[in-house]
Structure formats: structure tokens, C-alpha cells
There are 2 protein chains.
Amino acid sequence: MNVVEVSKVLSNETRVNILKWLKAPEANFPPHQDIDHFDDGVCVGYIQDKTGLSQSTISTYLNSMQQAGLVIPTRHGKWTYYKRNEEVIEAYYTTLKEVL
Amino acid sequence: MNVVEVSKVLSNETRVNILKWLKAPEANFPPHQDIDHFDDGVCVGYIQDKTGLSQSTISTYLNSMQQAGLVIPTRHGKWTYYKRNEEVIEAYYTTLKEVL
DNA sequence: AAATCATATCTATATTTTTCGATATGTCGA
DNA sequence: TCGACATATCGAAAAATATAGATATGATTT
């Protein structure tokens, strides 16, 4: 976990919101068509709808978040689901507390 | 305390280092000429020396850190001392934990 | 196999951030 | 009050980020 890299992700309102929403997918997103759970997170399209930004922008965001280790992608058919990576998020807190 | 604004500050290695160093000034900086304590933090010149960056860059950094509420400046004669603002740093942790 | 759908990647432009040198401001000492 | 010193601010160039449309890839459906 790289503090600077994670901080870059968090220095954008939309990306912070995505992480926030993914904390409670049932409350923030409609149910998926093919699956009846959010165990692997939420598909890109739903996240895009909620932000109002373009598909490519959201895909880029999610990619940077994945690079930083904050989210984990899982492919289900034609959809990619993204969920939070709680370990890395926790590690960010911990490292900040230690280092800062 | 604004999460995005603070995150922007933390998305730079040098600025993270400055906060780190200011946690233990005695260990990281030489004693000041005019004062024999670090109660108000460390003067800009010492911080600049330690980073190797230009005077104007460090002044800009410290200004952005102050805007974000992370540090508090105090003027002593011709020197400006900067110290950490523990309350805001703590608020950042707390808010992250809640929000994220 | 072709059309369709979801997502990723590429390319390009606009905006923001980084960083510096030059200059301004404020303070002290001669 | 004048020069020297510490810091702040200004203006500019380079680098990074944001964002979108176009296109590519991978999977499903017909």
C-alpha cells in the first residue's frame, strides 16, 4: 500500500464517493440482473449511471483505484464487478496513523 | 476539514514527509537560533534545507498545507514557524473511517 | 458467424499541479 | 533609514491529471 498513490485516488470527490457507495451496495444501487447479491461488488454501468460521467472516465477511475489496491474487480460474463478491498483501506488508515 | 483537499496535500511525497518530520522536530531539525524549543514548530528555512527544493516551492507547499488546515504558522521576528494541527489531522482519520 | 452489449483502451484536448526564478513584503541590525 | 535576511507572492514553463469520444476487446445471444 502506497500512501501517496492512495491519496491521489482520494483527492477526487467522485472517487471518494464510489468508495463510499461500495460500502453499502444494496442501499446505493439497484439489484443486478444476473446475480441476486453484491458479494463481488457492483458493475461498472451502475457506478457510471450514479456519477453521470462518461463510461471511459469511470473505467479510468476504477482502473486507477485498482492500481492503488483500493478495489478488486471480478468478471461475471460481460460485466465487471468492483468491490472494496477492505484490507488495503485499513492499511491506509493504519499507515497514516503511524507515519503521520 | 475537507477530505479531498487534505488528500491532495497527502498526494505528494515531500508534503507527507514534512508532516512526518514535524511530528518529532527535535529528532529531525537542528535547534533554532533565537528560541530553544519547537513549541511553534520549525522555521521554513530548515524545512527547505531538508527537502532540497526551492524556497518558493516549499513556501507554496506550506501554504497549501495551511489552507487545508494541516499546519499552523506562527511568526517570530523574521521567521515563520510551522507546526502540525493535530486536531485537523485527527479529523481526517475520523472522517475517513466514517465516510469510507 | 454476426450482431449486440459491457467494459477497456487509445487519442486528444482542457485543466490543474509542479516547480522555479524573479520580485515583493516584512523584520531586524547597523 | 538602509541594507541584509527570511518568507511570501507572482509569472511562466513543464508535467500530470481529468475527461470525453472513438475504437478495440471479450462475452452473450441469435
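Naming: A, B, ... by sequence-line order, numbering from 1 per chain. FYI, side chains are in, hydrogens and waters are out, and symmetry mates aren't considered; it's all heavy atoms of this structure.
Taking side-chain N and O atoms only, T80(B) has no distance below 4.0 Å to OP1 or OP2 of dA6(D). Remark: T57(A) is not in phosphate contact with dA18(D), judged by side-chain N or O atoms under 4.0 Å from OP1 or OP2. Put simply, R75(B) has no side-chain N or O that comes within less than 4.0 Å of OP1 or OP2 on dA6(D). Considering only side-chain N and O atoms, K78(A) lies nowhere under 4.0 angstrom from the phosphate OP1 or OP2 of dT4(C). Put simply, S56(B) has no side-chain N or O that comes within less than 4.0 Å of OP1 or OP2 on dG21(C).
A straight line from CG of D34(B) to P of dC5(D) spans 16 Å, rounded to a whole angstrom. A straight line from CG of D49(A) to P of dT7(C) spans 10 Å, rounded to a whole angstrom. Rounding to whole angstrom units, CD of residue Q66(A) and P of dT7(C) are separated by 14 Å. Taking atom CD of Q55(B) as the reference point, atom P of dA22(C) lies 13 Å away to the nearest angstrom. Put simply, CH2 on W79(A) is 17 Å from C1' on dT25(D), counting in whole angstrom units. dT17(D) atom P lies 19 Å from atom CD of E13(A), rounded to whole Å. Distance L53(A) CG to dT7(C) P: 16 Å, rounded to the nearest Å. The distance from atom CD1 of I58(B) to atom C1' of dT7(D) is 12 Å, rounded to the nearest whole Å.
For the ring-ring contact (aromatic ring centres under 6.0 Å, His included) test, residues two or more places apart in sequence or in another chain that qualify with F38(A) are H32(A).
Using a 4.0 Å heavy-atom distance criterion, S59(A) is classed as a base contact. Residue contacts for Y82(A): at a heavy-atom cut-off of 4.0 Å it reaches the sugar-phosphate backbone alone, with no base atom in range.
E98(A) and K23(B) are not joined by a salt bridge, as no carboxylate oxygen comes within less than 4.0 angstrom of a charged side-chain nitrogen.
Between T14(A) and G77(A), the residue whose closest nucleotide on DNA chain D is further toward the 5' end is T14(A).
The shortest side-chain heavy-atom distance between Y82(A) and I18(A) does not fall under the 4.5 Å cut-off. Within the 4.5 Å cutoff, the side chain of I72(B) has heavy atoms near those of the N85(B) side chain.
Closest contact between the side chain of N63(B) and the listed nucleotides dT9(C), dT9(D), dA20(D) involves dT9(D). Here the side chain of N12(B) is nearest to one of dT9(D), dC20(C), dT18(C), namely dT18(C).
In this pair, Y46(B) and F29(B) present their aromatic rings parallel. The plane angle is below 30°, not in the 30 to 60° band.
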